[in-house]
There are 2 protein chains.
Amino acid sequence: MIRADVVSNDDLTRTVLNLVWERREVSRAEIARSTKRSRSTISEVVGRLLGTGLVAEAGAGESRGGRRPILVGFQDDAGVILGVDVGATHISLILTDLRGRTLAWRERAHPVRSDPKGAEALITALGEVCLAEWNGDRSRLMGIGVAVPSPVDPGSPGRVLDRVLPAWRGHSVLDRLNSVFGVPVFVDNDANLGAVAERWWGEAVGIDDFVYLKVATGVGAGIMIGGEIYRGATGVAGEIGHVAIDPGGPECLCGNRGCLATFVGTRQLVDRARALLERFPDSVLAGTEPDIRAIEDAALSDDPLALQVVTEAADRLGIVVAGVLNLLNPGSVILGGSLARAEDRLVKPLREAVATRTLVDSAAASDIRTSDLGARATALGAATHVLVAALANPRLFPGVKPT
Amino acid sequence: MIRADVVSNDDLTRTVLNLVWERREVSRAEIARSTKRSRSTISEVVGRLLGTGLVAEAGAGESRGGRRPILVGFQDDAGVILGVDVGATHISLILTDLRGRTLAWRERAHPVRSDPKGAEALITALGEVCLAEWNGDRSRLMGIGVAVPSPVDPGSPGRVLDRVLPAWRGHSVLDRLNSVFGVPVFVDNDANLGAVAERWWGEAVGIDDFVYLKVATGVGAGIMIGGEIYRGATGVAGEIGHVAIDPGGPECLCGNRGCLATFVGTRQLVDRARALLERFPDSVLAGTEPDIRAIEDAALSDDPLALQVVTEAADRLGIVVAGVLNLLNPGSVILGGSLARAEDRLVKPLREAVATRTLVDSAAASDIRTSDLGARATALGAATHVLVAALANPRLFPGVKPT
DNA sequence: GCACTTTGTTCGGTGGCCGAACAAAGTCTG
DNA sequence: CAGACTTTGTTCGGCCACCGAACAAAGTGC
């Protein structure tokens with residue numbers, strides 16, 4: 001149950017809680033210095049926080065030339081969060097603590113688009129499985145984050161917009177999740193949540209302005225500006241799958257020609273690999289019907305066919321990444337999605353493609369690299385989104401003991 | 001002289017001052033409702049503000065069913081601001097009051113790049129001319145805003161970065177302006193400041209997320225996100241002149257091929273018009289050596305050659321605008337710079353070019369239109385930048401009477 | 001061993017903001 | 001047109017977040 005009356009929602013309380021989370025263990029005096037408040041004020045705020053069980057005293061720290069400080073530590077296990085990644089062809093769930101550690105993880109292939117009802121049932125079932133595996137006090141579940149491969153309404157994040165999942169429009173599914181598990185449900189776009197994961201646990205820790213590029217079934221970007229996800233006027237910012245990169249290219253489902261999505265994406269890469277099979281008789285993929293995983297694996301072992309496919313994709317991506325750099329000048333560009341497994345084999349040709357299309361200034365300033373969060377990135381980001389909300393608004397924390 | 005001790009710099013004081021500016025004349029009770037503070041609190045804050053001379057009581061307003069309110073009005077003439085537009089081939093200055101009204105305006109052609117020293121002298125000379133024409137109390141000058149056709153350092157805005165004006169690097173020129181006129185000097189990129197002008201006085205009033213595209217000697221974008229100029233990691237966000245739109249296009253000064261700048265920009269449009277002269281013997285431009293102004297004028301009278309030039313430019317711009325829409329999904333795109341004079345003759349083909357390259361969603365949400373601020377837009381934006389700083393920090397106001 | 005630091009708490013005080021109460025100056029209704 | 005009701009703006013007492021000074025406890029360093 002959510003107790004709205006226990007933790008006062010001051011700005012300062014919020015700031016202190018976030019600081020304790022960041023530093024893990026920190027003394028009152030240090031908090032006072034960091035927040036530029038007096039020690040007496042911080043003492044009182046910390047006193048209130050101690051009463052909530054979110055932080056606890058954790059022994060003495062190093063002396064700085066005087067009395068040793070009492071360290072105050074964030075209680076990472078004060079709550080758990082469920083993160084759901086709804087892909088085009090799979091569903092995966094992660095259960096994390098408040099430090100982003102995996103407590104449970106489940107993944108299933110599922111035709112989400114053609115069977116949205118089944119997807120809904122699968123999510124609740126896998127959610128139960130994760131909670132059972134964790135075997136902790138279920139009342140510590142704080143919230144559920146859901147990543148969907150579609151834009152969301154920037155006005156009321158949580159509303160799914162896209163036609164990709166018509167059955168999910170509005171939020172009936174999310175309401176069901178809410179009533180089944182009895183906790184708040186947050187929804188956002190998968191690329192946006194991938195960016196969140198990178199900022200908290202991955203390559204973008206400490207970076208407030210960057211672009212996350214997810215290359216998987218489709219291509220999407222999560223744009224982080226000033227530490228916040230940027231959604232644009234109607235929530236479709238970052239939907240770069242349909243940027244036109246070749247006016248003479250193949251026709252796209254969207255009606256235009258030469259969209260990025262017609263060149264890069266699981267389906268396209270697989271098609272391309274199969275078309276190249278004849279030309280590469282020595283490839284490990286020769287004589288097989290390769291899927292995307294096989295292609296990525298082959299690339300990692302430097303198979304020439306797979307490298308060709310990856311390099312071509314990098315070249316196409318480079319056009320768009322160059323545009324992003326010229327326009328937004330982000331501090332870094334992080335590549336996620338399954339194709340990111342290829343690492344340098346993807347990034348090197350990408351950097352080259354970008355270099356020929358950008359000013360020296362902006363290209364030099366941006367480092368382009370791959371994520372190392374792996375397959376759990378999106379689900380982790382969904383869980384992290386809930387964590388962010390909770391740290392900003394401690395009322396969301398359950399099981400907070402009365403003062 | 002700046003009095004730092006007169007206006008206390010509370011958040012609330014700032015909020016109230018901005019509100020009075022926005023509403024022009026507003027009662028204490030109305031301020032209390034808008035800011036959700038008590039009337040007693042607002043009364044005290046307004047009392048302090050009255051003492052500064054920035055606001056003044058201005059008679060009675062309409063009754064809302066009870067006692068008639070006393071209106072408090074912003075004093076638009078409490079200060080004046082000088083805005084400087086340093087172009088590639090001209091320098092212009094505007095003197096405005098705190099409502100953006102033009103008090104004086106001067107423009108001179110000058111080869112800024114080849115004669116930066118002369119430019120500096122010209123700015124101070126024209127500044128004196130503007131102040132003399134205004135003929136007001138010179139101590140009311142609050143600050144000087146300068147627009148430069150080059151990126152600025154996002155860390156310390158005011159530092160000019162680019163190689164376009166090597167002599168202006170660092171801030172010697174700005175220091176000189178400061179010492180000559182004895183007021184703070186603010187510097188920013190011209191496209192950024194054009195966006196500021198649009199947001200305060202032009203097509204983007206009330207819009208917090210939009211992109212301003214300046215098409216003049218060069219092409220640049222000012223990106224407004226959440227009401228703030230977005231500069232990117234190294235200050236080159238919006239420098240879209242070197243977005244590659246045609247891999248097989250002509251070589252650019254920057255070393256790459258097919259940059260937008262090789263197709264759109266004063267120089268390129270003039271060259272293109274001259275190349276087309278033979279093909280359009282009936283054009284009003286036939287037999288002349290047209291400059292950009294003549295081409296724009298001809299387009300406005302529907303001359304086929306000029307329309308051809310404008311349409312081609314629109315087509316090229318469309319590629320980049322489509323990219324911007326797909327990536328950022330801004331609420332609107334506003335076209336400025338001299339080419340914006342062409343209005344519908346530019347916007348219509350641009351909209352068409354964009355429509356074939358964007359998702360229906362994002363294109364439909366963005367309206368693309370031309371600025372109507374004219375040639376003074378950039379200088380006005382520079383002045384407005386100072387106004388914004390002053391409203392955010394009333395200490396900057398000069399001549400504030402002690403309480 | 002003694003002077004000096006740092007930590008964390010206590011306690012009285014300050015300042016921003018609030019609500020209640022009130023006088024002044026309106027509108028509306030019978 | 002008088003009386004009831006509304007709205008405005010001010011005054012005044014009070015609350016609360018936060019502060020600084022003072023202090024005890026617990027260190028360090030010469």
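Computed from a predicted structure; not experimentally measured. Residue numbers begin at 1 in each chain, while the letters A, B, ... track the order of the sequences.
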> Which distance, rounded to the nearest 0.5 Å, do you find between the OG1 of T96(B) and the CZ of R101(B)?
Replying inline: 10.0 Å
> Can any side-chain N or O of N192(A) pair as donor or acceptor with the backbone N or O of G222(A) at less than 3.5 Å?
Replying inline: no
>> Using modelled atom types and a 3.5 Å cut-off, is there a donor and acceptor pairing between side-chain atoms of N18(B) and backbone atoms of R14(B)?
In response: yes
> Looking at residues at least two apart in the chain, or sitting in another chain, which of them share a side-chain hydrogen bond (donor to acceptor under 3.5 Å, both in side chains) with T384(A)?
Replying inline: W201(A)
>> Using whole Å, what does the distance between atom C1' of nucleotide dG27(D) and atom CZ of R68(A) come to?
In response: 9 Å
> By side-chain hydrogen bond (donor to acceptor under 3.5 Å, both in side chains), which residues pair with D77(A), not counting sequence neighbours?
Replying inline: none
> How does protein contact run along nucleotides 13-25 of chain D, one letter per nucleotide 5' to 3', with B for base contact, S for sugar-phosphate only, - for none, heavy atoms under 4.0 Å?
Replying inline: -----SBB-B--B
>> If I take atom CG in residue D11(B) and atom C1' in nucleotide dC17(C), what distance separates them, rounded to the nearest angstrom?
In response: 13 Å
> Hey, are Y230(B) and D209(A) close enough side-chain-wise for a donor-acceptor pair under 3.5 Å?
Replying inline: yes
> Taking atom CD of E30(B) as the centre, does the number of heavy atoms from other residues, nucleotides or ligands within less than 6.0 Å exceed 12?
Replying inline: yes
>> For DNA chain C, which residues of residues 57-66 of chain A approach it to below 4.0 angstrom with any heavy atom?
In response: R64(A), G65(A), G66(A)
>> Show the nearest heavy-atom pair for residues A147(A) and A382(A), with the distance to one decimal.
In response: N-CB, 4.1 Å
> Does the R199(A) side chain pair with the main chain of I207(A), one donor and one acceptor, at a distance under 3.5 Å?
Replying inline: yes
> So which of residues 17-31 of chain A are in contact with DNA chain C, with a heavy-atom cut-off of under 4.0 Å?
Replying inline: S27(A), R28(A), A29(A)
>> Among residues at least two apart in sequence or on other chains, which ones pass ring-ring contact (aromatic ring centres under 6.0 Å, His included) with W134(A)?
In response: none
